[in-house]
K.L.:
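The structure follows.
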Amino acid sequence: MPARVESLASTGMASIPTEYVRPEWERDGSLGDALEEAKKSDQLEGHQIPTVDLKGFDSEDEKERSRCVEGVKEAAVEWGVMHVVNHGIPPELIERVRAAGKGFFDLPVEAKERYANDQSEGKIQGYGSKLANNASGKLEWEDYYFHLIFPPDKVDLSIWPKEPADYTEVMMEFAKQLRVVVTKMLSILSLGLGFEEEEKLEKKLGGMEELLMQMKINYYPRCPQPELALGVEAHTDVSSLSFILHNDVPGLQVFHGGRWVNARLVPDSLIVHVGDTLEILSNGRYKSILHRGLVNKEKVRISWAVFCEPPKEKIVLEPLAELVAEGSPAKYPPRTFAQHVQHKLFKKAQAQAQVQAQAGVHIPEAIQT
């Protein structure tokens, strides 16, 4: 079992262990203290992750609905990520979600270890730290808690934290309300692809009974050398959609327009990522964007990521037939979700090649695949 990052950070060390130091090719000018990088971004105009207001989709005014659909579509096509406001989840519930997650990580490490997962046994749900099973062989500066939150009949409440006392109640209510937002986003994105049937993508992904929502609470302790470390290394999400909450501490970066862009803090918003699964179904129209997480010296960052995933074996992922034509052939071969997770080739090789081309550095072949 790896040492918990929280425990390492609490020792007051001045330098991080070598297993957390990122490779030289990855330590470009944009890898630094998240708080300092955010200050730089605040001074820049333009080239920011778009913000989309979902309120218009519920309007009886067709022009308002169309404007909302167009905004989401444009963000999904051009960026693959967006801030969404007026999503319908009450601020009071979001604050309770934040408090419940923080409450768990405020427990002593010994108490959290009672919920430890065992990746070697395939038990991925629970409290954990990243193993060095990636191509770089490096660890990430984070601990986490990972568990399924929807649908209710597939949830194993026995592995959920018993502390704080309202954790289960809060997360179940959040899952129920977020599932409404998932349906709304998939409806909008279906219309954005030109389908008259709003339920097109939802049905293709398994519907209310089969589409899974997996929550990962990421805990990023203070880091004495943030210019050498990453909270989460560069990756694209395998999900269809990912929804992100945070504790108002910056750290998310997305790779867009040939450079890393720092995500601003937009009040009362959810960050929504397009994942690989939607890129496949849309035949590449919607983009699954490369992103990573920075750390900082001063503040603990916590983020709540919910990944919406189709069933592993029941559905074959491939471009929707209506989006394949003579001038627009299928860009991705048919795969089950499990097969895509296993290979993870189509996007990572392309994205890492982009970074290599822009940075002018050599990326080992193992990283590209």
Side-chain angles (χ1 to χ4, degrees), residues 41 47-59 61 63-98 149-150 173-193 198-199 201-202 205 211 213-216 218 236-237 239-254 256 261-279 281-282 285-289 291 293 302-309:
S41 292
H47 205 68
Q48 295 293 332
I49 296 173
T51 298
V52 180
D53 190 337
L54 297 188
K55 185 177 181 180
F57 192 66
D58 297 321
S59 173
D61 186 336
K63 289 184 179 179
E64 288 295 318
R65 277 175 55 87
S66 297
R67 190 175 294 115
C68 177
V69 170
E70 191 59 33
V72 171
K73 171 188 173 182
E74 183 176 341
V77 168
E78 298 297 328
W79 281 82
V81 62
M82 65 198 84
H83 301 278
V84 297
V85 296
N86 288 317
H87 42 73
I89 301 178
E92 298 79 13
L93 178 58
I94 287 177
E95 286 306 311
R96 293 185 70 197
V97 169
R98 288 171 170 158
I149 62 171
F150 198 93
E173 180 61 25
F174 178 64
K176 183 174 73 172
Q177 296 207 28
L178 182 60
R179 189 59 181 82
V180 175
V181 183
V182 172
T183 292
K184 181 178 290 189
M185 287 297 299
L186 291 175
S187 296
I188 294 170
L189 289 163
S190 294
L191 295 173
L193 290 173
E198 291 184 16
E199 299 81 11
L201 289 174
E202 172 112 20
L205 293 168
L211 183 64
M213 290 167 55
Q214 313 263 19
M215 173 178 277
K216 183 167 178 261
N218 303 292
T236 62
D237 290 344
S239 60
S240 54
L241 291 173
S242 304
F243 294 80
I244 314 293
L245 282 174
H246 51 74
N247 64 335
D248 291 328
V249 176
L252 173 65
Q253 284 189 328
V254 301
H256 183 268
V261 177
N262 298 291
R264 289 183 172 177
L265 304 180
V266 177
D268 301 319
S269 71
L270 294 171
I271 298 173
V272 182
H273 287 271
V274 171
D276 297 349
T277 300
L278 271 192
E279 179 166 309
L281 294 180
S282 70
R285 296 190 190 184
Y286 295 150
K287 303 297 188 296
S288 181
I289 194 168
H291 56 284
I302 308 176
S303 68
W304 292 257
V306 178
F307 306 102
C308 303
E309 302 176 354

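For the numbers below, each heavy atom of this structure counts, side chains included, while hydrogens, waters and symmetry mates do not. Please read these numbers as outputs of a predicted model, since none were measured by experiment. Along the sequence shown, residues carry numbers from 1.
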K.L.:
Looking at Thr51 and His83, would you say the former's side chain and the latter's main chain have a donor-acceptor pair under 3.5 Å?
P.N.:
no
K.L.:
Rounded at 0.5 Å granularity, tell me how far NZ in Lys184 sits from CG in Leu189.
P.N.:
13.0 Å
K.L.:
Do the side chains of Val274 and Arg285 get nearer than 4.5 Å, heavy atoms only?
P.N.:
no
K.L.:
Using 4.0 Å as the upper bound for N to carboxylate O, is an ion pair formed by Glu64 and Arg67?
P.N.:
yes
K.L.:
Using atom types as modelled and distance alone, determine if a side-chain donor or acceptor of Ser240 lies under 3.5 Å from a backbone N or O of Cys308.
P.N.:
yes
K.L.:
Between Trp304 and Asn247, what is the shortest heavy-atom contact and its length?
P.N.:
CZ3-N, 3.9 Å
K.L.:
Evaluate the side-chain proximity of Val52 to Ile188: yes if any heavy-atom separation is below 4.5 Å, no if none is.
P.N.:
no
K.L.:
Please list all pairs meeting side chain to side chain donor-acceptor pair (under 3.5 Å) that have one or both residues in residues 85-94, counting only residues at least two apart or in different chains.
P.N.:
Asp53-Asn86
K.L.:
For Met82 and Ala76, work out which heavy atoms get closest and say how close.
P.N.:
CE-N, 3.9 Å
K.L.:
Applying side chain to side chain contact (heavy atoms under 4.5 Å, CB included) to Glu309 and Thr277, what does each step give before you reach the verdict?
P.N.:
CA-CA 8 Å; Glu309 302 176 354; Thr277 300; over 6 Å; no
K.L.:
Check whether more than 12 heavy atoms from other residues, nucleotides or ligands sit under 6.0 Å from atom CD of Glu199, and answer yes or no.
P.N.:
yes
K.L.:
Is the shortest side-chain heavy-atom distance between Tyr286 and Val77 below 4.5 Å?
P.N.:
yes
K.L.:
Apply side chain to side chain contact (heavy atoms under 4.5 Å, CB included) to residues Val72 and Val272 and explain how you reach the verdict.
P.N.:
CA-CA 10 Å; Val72 171; Val272 182; over 6 Å; no
K.L.:
Where do Cys68 and Gly56 come nearest, in terms of heavy atoms and distance?
P.N.:
CB-C, 4.1 Å
K.L.:
What is the distance from atom CG of Asn262 to atom CD of Gln253, rounded to the nearest 0.5 Å?
P.N.:
4.5 Å
K.L.:
Please indicate whether Lys73 has more than 12 foreign heavy atoms, meaning atoms of other residues, nucleotides or ligands, lying under 6.0 Å from its NZ.
P.N.:
no
K.L.:
Would you say Ile302 and Arg98 make side-chain contact, with heavy atoms under 4.5 Å?
P.N.:
no
K.L.:
Evaluate the criterion side chain to side chain contact (heavy atoms under 4.5 Å, CB included) for residue pair Gln177 and Leu93; output intermediate values, then yes/no.
P.N.:
CA-CA 10 Å; Gln177 296 207 28; Leu93 178 58; 3.7 Å; yes
K.L.:
Measure the shortest side-chain to side-chain distance between Val180 and Ile89 over non-hydrogen atoms and say whether it is less than 4.5 angstrom.
P.N.:
no
K.L.:
Less than 4.5 Å apart, side chain to side chain, heavy atoms only: is that true for Phe150 and Val306?
P.N.:
no
K.L.:
Does the side chain to side chain contact (heavy atoms under 4.5 Å, CB included) test come out yes or no for Asp268 and Val85, once each step is laid out?
P.N.:
CA-CA 6 Å; Asp268 301 319; Val85 296; 5.7 Å; no
K.L.:
Could you check if a side-chain atom of Phe243 sits within less than 4.5 angstrom of a side-chain atom of Val84, using non-hydrogen atoms only?
P.N.:
no
K.L.:
Please name all residues satisfying ring pair (Phe, Tyr, Trp, His ring centres under 6.0 Å) with His256, sequence neighbours left out, ordered by chain then number.
P.N.:
His47, Trp79
K.L.:
Would you say that more than 12 heavy atoms from the other residues, nucleotides or ligands in this model lie under 6.0 Å from the CG of Asp58, or not?
P.N.:
yes
K.L.:
Look only at the side chain of His246 and the backbone of Ile244, and say whether a donor-acceptor pair between them is shorter than 3.5 Å.
P.N.:
no
K.L.:
Any chance you could measure Asp237, atom CG, to Glu279, atom CD, to the nearest 0.5 Å?
P.N.:
12.0 Å
K.L.:
How about Leu211 and Leu186: do any of their side-chain heavy atoms sit closer than 4.5 Å?
P.N.:
yes
